[in-house]
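Naming: A, B, ... by sequence-line order, numbering from 1 per chain. Quick note: numbers below take in every heavy atom, side chains included, and nothing from hydrogens, waters or symmetry partners.
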There are 2 protein chains.
Amino acid sequence: MPEQQPPYLRIADELRRRIAEHEWEPGDRLPSRTQIGQECGVGENVVRRAQELLISQGVLEGRAGSGTYVAKPCQRVRVVRSSAREQGGGSPFGADMRALGKQGDWESRTEAKFPAPAEIAARLGIAEGDLCVRTVYEFLADGRPVQLSTSWEPYDLTGGTLVVLPEGGPHAGAGVVNRMAQIGVTVGHAVEQPEPRQATAEEASLLGIQKASLVTHIQRTYYSDEGRPVETADIIVPAALCEIVYEIPINR
Amino acid sequence: MPEQQPPYLRIADELRRRIAEHEWEPGDRLPSRTQIGQECGVGENVVRRAQELLISQGVLEGRAGSGTYVAKPCQRVRVVRSSAREQGGGSPFGADMRALGKQGDWESRTEAKFPAPAEIAARLGIAEGDLCVRTVYEFLADGRPVQLSTSWEPYDLTGGTLVVLPEGGPHAGAGVVNRMAQIGVTVGHAVEQPEPRQATAEEASLLGIQKASLVTHIQRTYYSDEGRPVETADIIVPAALCEIVYEIPINR
DNA sequence: TCGAATTTGTGCGTATGTATC
DNA sequence: GGATACATACGCACAAATTCG
């Protein structure tokens, strides 16, 4: 006897086929699990497994208490990460949004004297417990949250200057590179380390995405031209909402 | 009554605690699930859920027919992606490995006249079905596979020249930038689009990683200084084995 | 306004497959 | 080849969310 496909995969293919044939359009609600189960001659649980698979692939979308829906292929926000992006006076995120013809806003909450946890201290080259300026961001494209970020700057670098608060004072929202330039610190390069992982429950709720869906967690650190870390951030980019693009010049 | 932690999370914390207290060292085999279940007063299935959670987080490692093991915190390979990496005569991957003091090898299989599928054609700016040179790579660090890649070059660009075959002829393994230079094509910049996803069964088997563990799928395209795409590749970087680092110079 | 019905989501158990020793 | 242990598939019960009368 040749090995045959397990039932839940057969149902998954069946659902995918019907969607491809436009039996259900994006945004439509599927029949209930019991209904599909009876129709296809399988248990309710098999349908659930099939739907869970398609949900994890972004084909379907489950809404508790309401139903299972065909996911809308929403246009993703293109997040460009390159040296060119840091030029000009505004914020990098604002530049991304302007390039897409979208409105870019953000909400932020700053704590001016936050003791550095061990990992952040290591990234900033300071001692654990040293004071930092910690800012939590929520970035919005056309009013919808699309990206999260938590930024850390050593307090002894900016304390007492006009740019202590990233989102306050005359240079609010100008971006790290521009703000550091105001106090005579030249940012020489940035290092970004993108790691794939699944969204936490809190992140999923803030971003309005399915639970445990995939995100890229970028650890970014800006260095002064003398090699000192001047800012580090944890940036959460949900795969369902954003595509990340690195542009790398090739010098020879 | 306040809501209490579900049993499987309690067991997960219990296992994590015991590992942290060195009751089991990295590489050790845990007791069987029935044994742990009896010891902790829960069903075997609860233990399984707890272990699955820790496996997905990379704390444990399951081996069918053998047991569940404490994962070894293996040193990850640092993959640097920057403009500087393309300088010098050798291959970018070889440079990464030399920087780590590891031996960098790779195996490849080239098909010289492969019709381009629709997606690749779009990325290379050619018509679907146009011929390409398609090369499948498996990159090894100290003999262990750590990265996969499938590369596509338009045949009409290199056909009839000495560098048709990426891994053959006098410039074998020199990297795209160097090989293109040999035929008078200057590579101006690269674009990389990293997407998080789960490894397929085939990828997991090739890389020797846990099934459905996380990888970064990078779509990379090299462009000539005239803006024409000269190569595109799909690169699979497993999170368990490699860390990706982008170095971005800040020009002002 | 409220509560009952519906639907998805979660936790957990059991049976079977399959790899390893 | 048998015993053991993990992996997978499937089923049931209940909780949570939503909808609607």
Side-chain angles (χ1 to χ4, degrees), chain A residues 1-13 15 24 27-56 59-71 198-201 204-205 208-213, chain B residues 1-13 15 24 27-56 59-71 198-201 204-205 208-213:
Chain A
M1 187 80 111
E3 63 217 48
Q4 60 184 5
Q5 224 178 188
Y8 85 100
L9 286 180
R10 188 172 63 80
I11 301 301
D13 283 341
L15 293 177
W24 302 304
D28 283 2
R29 211 202 72 168
L30 268 58
S32 76
R33 290 201 292 238
T34 38
Q35 215 167 323
I36 295 178
Q38 285 173 3
E39 195 176 324
C40 299
V42 296
E44 173 189 342
N45 204 345
V46 176
V47 181
R48 184 162 50 84
R49 285 295 294 257
Q51 289 183 343
E52 278 172 3
L53 181 69
L54 296 181
I55 286 173
S56 80
V59 177
L60 295 180
E61 190 183 328
R63 296 180 209 165
S66 174
T68 306
Y69 295 76
V70 180
Q198 295 181 323
T200 65
S205 146
I209 55 179
Q210 294 288 109
K211 247 179 139 167
S213 57
Chain B
M1 187 75 120
E3 61 217 49
Q4 58 185 6
Q5 224 179 189
Y8 84 101
L9 286 180
R10 188 173 61 81
I11 301 301
D13 282 343
L15 294 177
W24 303 303
D28 283 2
R29 211 202 73 168
L30 267 58
S32 78
R33 291 206 277 245
T34 35
Q35 215 166 323
I36 295 179
Q38 285 173 4
E39 196 177 324
C40 299
V42 295
E44 174 188 342
N45 200 344
V46 177
V47 181
R48 181 171 57 76
R49 282 296 171 98
Q51 289 184 345
E52 278 173 2
L53 183 68
L54 295 181
I55 287 173
S56 80
V59 177
L60 295 180
E61 190 184 326
R63 295 181 211 165
S66 173
T68 305
Y69 295 76
V70 180
Q198 295 180 326
T200 64
S205 148
I209 56 178
Q210 294 287 111
K211 245 178 138 167
S213 57

Notebook entry, point to check: What integer distance in Å separates A:Q210:CD from C:dT10:P?
Noted result: 10 Å
Check: Roughly how far, to the nearest 0.5 Å, is CG of B:L30 from CD of B:E61?
Finding: 11.5 Å
Next item on the list: Please tell me which of the listed nucleotides, D:dT19, D:dC12, C:dA19, lies nearest to the side chain of A:S66?
Entry: D:dT19
Next item on the list: Take B:I55 and A:G65, find for each the nucleotide of DNA chain D with the closest heavy atom, and name the residue whose nucleotide sits nearer the 5' end.
Entry: B:I55
Note to self: Tell me the interatomic distance from B:I36, atom CD1, to C:dC12, atom C1', rounded to whole angstroms.
What the structure shows: 17 Å
Check: Between B:K211 and B:R29, which has a closest nucleotide on DNA chain D that is more 5'?
Finding: B:R29
Next item on the list: May I have the distance from B:R49 (atom CZ) to D:dA9 (atom P), rounded to whole angstrom?
Entry: 13 Å
Note to self: Taking A:R63's backbone N and O only, do any of them form a donor-acceptor pair with A:S66's side chain (distance below 3.5 Å, no angle check)?
What the structure shows: no
Next item on the list: Write down the distance between CG (A:L53) and P (C:dG9), rounded to a whole number of angstrom.
Entry: 14 Å
Checklist line | Residue A:A64, side-chain heavy atoms: nucleotide from D:dA5, D:dC10, C:dG9 that is nearest | finding: C:dG9
Check: If you take atom types as modelled and just measure distance, does the side chain of A:R63 reach the base of C:dG9 with a donor-acceptor pair under 3.5 Å?
Finding: no
Note to self: Using whole Å, what does the distance between atom C1' of nucleotide D:dT18 and atom CG of A:L30 come to?
What the structure shows: 17 Å
Next item on the list: Taking only the side-chain nitrogens and oxygens of A:T68, find out if one of them lies under 4.0 Å from OP1 or OP2 of C:dT8.
Entry: yes
Check: Hey, mind stepping through A:I36 and A:L15 against side chain to side chain contact (heavy atoms under 4.5 Å, CB included) and telling me if it holds?
Finding: CA-CA 10 Å; A:I36 295 178; A:L15 293 177; 4.2 Å; yes
Next item on the list: Using whole Å, report how far OH of A:Y69 lies from P of C:dT6.
Entry: 16 Å
Next item on the list: May I have the step-by-step check of side chain to side chain contact (heavy atoms under 4.5 Å, CB included) for A:L53 and A:L60, ending in yes or no?
Entry: CA-CA 9 Å; A:L53 181 69; A:L60 295 180; over 6 Å; no
Next item on the list: Check the side chains of B:Q51 and B:T68 for a donor-acceptor pair under 3.5 angstrom, ignoring hydrogens and angles.
Entry: yes
Notebook entry, point to check: When you measure from the side chain of A:R48, which nucleotide among D:dC10, C:dT10, D:dA7 comes out closest?
Noted result: C:dT10
Notebook entry, point to check: Of all the nucleotides listed (D:dC10, C:dC12, C:dG9), which has the minimum atom distance to the side chain of B:P7?
Noted result: C:dC12
Item checked: For atom CD of A:Q38 and atom P of C:dT6, their distance in whole Å -> 13 Å
Notebook entry, point to check: Rounded to whole angstroms, how far apart are CD on B:E52 and P on D:dA7?
Noted result: 8 Å
Checklist line | Shortest side-chain distance from B:P6, nucleotide among C:dG11, D:dC10, D:dA7 | finding: C:dG11
Notebook entry, point to check: Taking the side chain of A:E44 as its heavy atoms from C-beta onward, which of D:dT8, D:dC6, C:dT8 lies nearest to it?
Noted result: C:dT8
